[in-house]
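No experiment lies behind these values; they were computed from the predicted model shown. Along the sequence shown, the residues carry numbers beginning at 1.
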Amino acid sequence: MDLDIRFGLQVGQVSRKWRTCLNARLKHTGLSEARWIALLRLSLLGPIAQGDLADQIGIRGPTLVRLLDALERQGLIERKSGAGDRRVKRIHLTRKAQPVLRRITTISDRLRAELMAGIRPGDLETAYRVLRTIGDRLEAK
């Protein structure tokens, strides 16, 4: 099998296994995978339009609405009308989300440290550049 085919397969496999492992470690938080991913994205991006969040986490339509409804019921997010367009709902994290995010981040950081242990910085930089180039090409399509 050609290296580019093996590389593509490996990227998919690593991504799935990483998320599965992190999801198992976060199970005790009571958050589904979709919920903790949405919270992490919001913590990185700040208040964001609902449609933009959908693009970031890959969830659309009724599934996104149910996810946001659940996070809102838990008191972890608020939906606010946009200043320029009241039809656009911006998603904001609440204060109640901060301790939850600290737990998620701590667990995520520990897993990442375990997985990256012993990998030389130069190798990691090369891998990052390759994945970034592929990601940029996918974004352009």
Side-chain angles (χ1 to χ4, degrees), residues 2-141:
D2 293 338
L3 181 58
D4 59 339
I5 294 171
R6 288 184 294 148
F7 180 82
L9 292 171
Q10 188 67 24
V11 166
Q13 187 177 34
V14 167
S15 177
R16 281 188 303 279
K17 286 182 179 181
W18 194 323
R19 277 176 59 164
T20 299
C21 188
L22 184 54
N23 197 43
R25 291 185 184 198
L26 290 170
K27 188 174 186 171
H28 76 279
T29 66
L31 294 170
S32 67
E33 182 177 358
R35 289 182 193 179
W36 62 255
I37 288 172
L39 290 173
L40 276 177
R41 288 295 177 139
L42 283 166
S43 72
L44 295 171
L45 301 170
I48 187 172
Q50 188 168 311
D52 293 337
L53 180 61
D55 291 340
Q56 288 289 318
I57 62 176
I59 297 176
R60 291 264 177 230
T63 303
L64 177 68
V65 171
R66 282 192 303 274
L67 170 67
L68 295 177
D69 286 347
L71 290 171
E72 199 167 38
R73 277 192 305 275
Q74 288 180 279
L76 302 175
I77 65 158
E78 293 177 330
R79 296 179 200 162
K80 298 180 182 179
S81 295
D85 185 349
R86 296 180 59 93
R87 294 172 297 172
V88 174
K89 297 294 184 193
R90 295 186 64 78
I91 312 302
H92 297 255
L93 290 170
T94 64
R95 290 179 200 254
K96 187 176 178 182
Q98 297 313 312
V100 174
L101 280 165
R102 280 193 294 277
R103 273 187 280 153
I104 292 168
T105 302
T106 298
I107 292 166
S108 177
D109 289 349
R110 283 186 193 142
L111 176 60
R112 186 174 42 259
E114 287 173 31
L115 297 175
M116 300 289 183
I119 297 175
R120 294 183 303 218
D123 290 343
L124 193 55
E125 181 61 37
T126 299
Y128 174 78
R129 275 196 325 273
V130 169
L131 289 174
R132 182 64 193 219
T133 298
I134 294 168
D136 290 347
R137 289 176 182 170
L138 287 168
E139 283 292 321
K141 295 202 172 286

Keeping to residues at least two apart or across chains, list the salt bridge (Lys or Arg N to Asp or Glu O under 4.0 Å) pairs with something in residues 8-24.
Arg19-Glu33
Test item: Trp36 and Val100 side chains (from C-beta on) under 4.5 Å apart, heavy atoms:
no
Contacts satisfying side chain to side chain donor-acceptor pair (under 3.5 Å) that involve residues 39-51 (not counting sequence neighbours) are Arg41-Gln56
How long is the span from the CZ atom in Arg25 to the CG atom in Leu22, to the nearest 0.5 Å?
8.0 Å
Is Leu9 close to Gln13 at the side-chain level, that is, under 4.5 Å between some pair of heavy atoms?
no
Stepwise side chain to side chain contact (heavy atoms under 4.5 Å, CB included) test for Leu71 and Ile91
CA-CA 10 Å; Leu71 290 171; Ile91 312 302; over 6 Å; no
So, for Ile48 and Leu45, which heavy atoms are closest and what is the spacing to 0.1 Å?
CD1-CD1, 3.7 Å
Closest heavy-atom contact between Ser32 and Asn23?
C-OD1, 4.3 Å
Within a strict 4.5 Å, meaning less than it, do heavy atoms of the Leu31 and Leu76 side chains meet?
yes
Could you report the tightest heavy-atom contact between Arg90 and Pro47, atom names first, then the distance?
NH2-O, 2.7 Å
What residues form a side chain to side chain donor-acceptor pair (under 3.5 Å) with Arg120, not counting sequence neighbours?
Asp123
Look up atom CD1 in Ile77 and atom CG in Asp69, then write down how far apart they are to the nearest 0.5 Å.
8.0 Å
Which value, rounded to the nearest 0.5 Å, describes the distance between Ile59 atom CD1 and Ile57 atom CD1?
4.0 Å
Using a cut-off of 6.0 Å, state whether more than 12 heavy atoms not belonging to Glu125 lie near its atom CD.
yes
Which atoms form the tightest heavy-atom contact between Gly75 and Lys96, and what is the distance?
O-CB, 3.4 Å
When rounded to the nearest 0.5 angstrom, what distance separates CD1 in Ile107 from SG in Cys21?
11.0 Å
Any pair with a residue in residues 100-109 that passes side chain to side chain donor-acceptor pair (under 3.5 Å), sequence neighbours left out, goes on the list, sorted by first then second residue, please.
Asp109-Arg112
Using side chain to side chain donor-acceptor pair (under 3.5 Å) as the criterion, list what pairs up with Gln74, not counting sequence neighbours.
Arg35
Roughly how far, to the nearest 0.5 Å, is NZ of Lys89 from NZ of Lys80?
12.0 Å
Who passes side chain to side chain contact (heavy atoms under 4.5 Å, CB included) against Arg95, sequence neighbours left out?
none
Please round to the nearest 0.5 Å and tell me the distance separating atom CG of Leu93 and atom CG of Leu42.
5.0 Å
Mind listing the closest non-hydrogen atom pair of Leu26 and Ile104 along with its distance?
CD2-CA, 3.8 Å
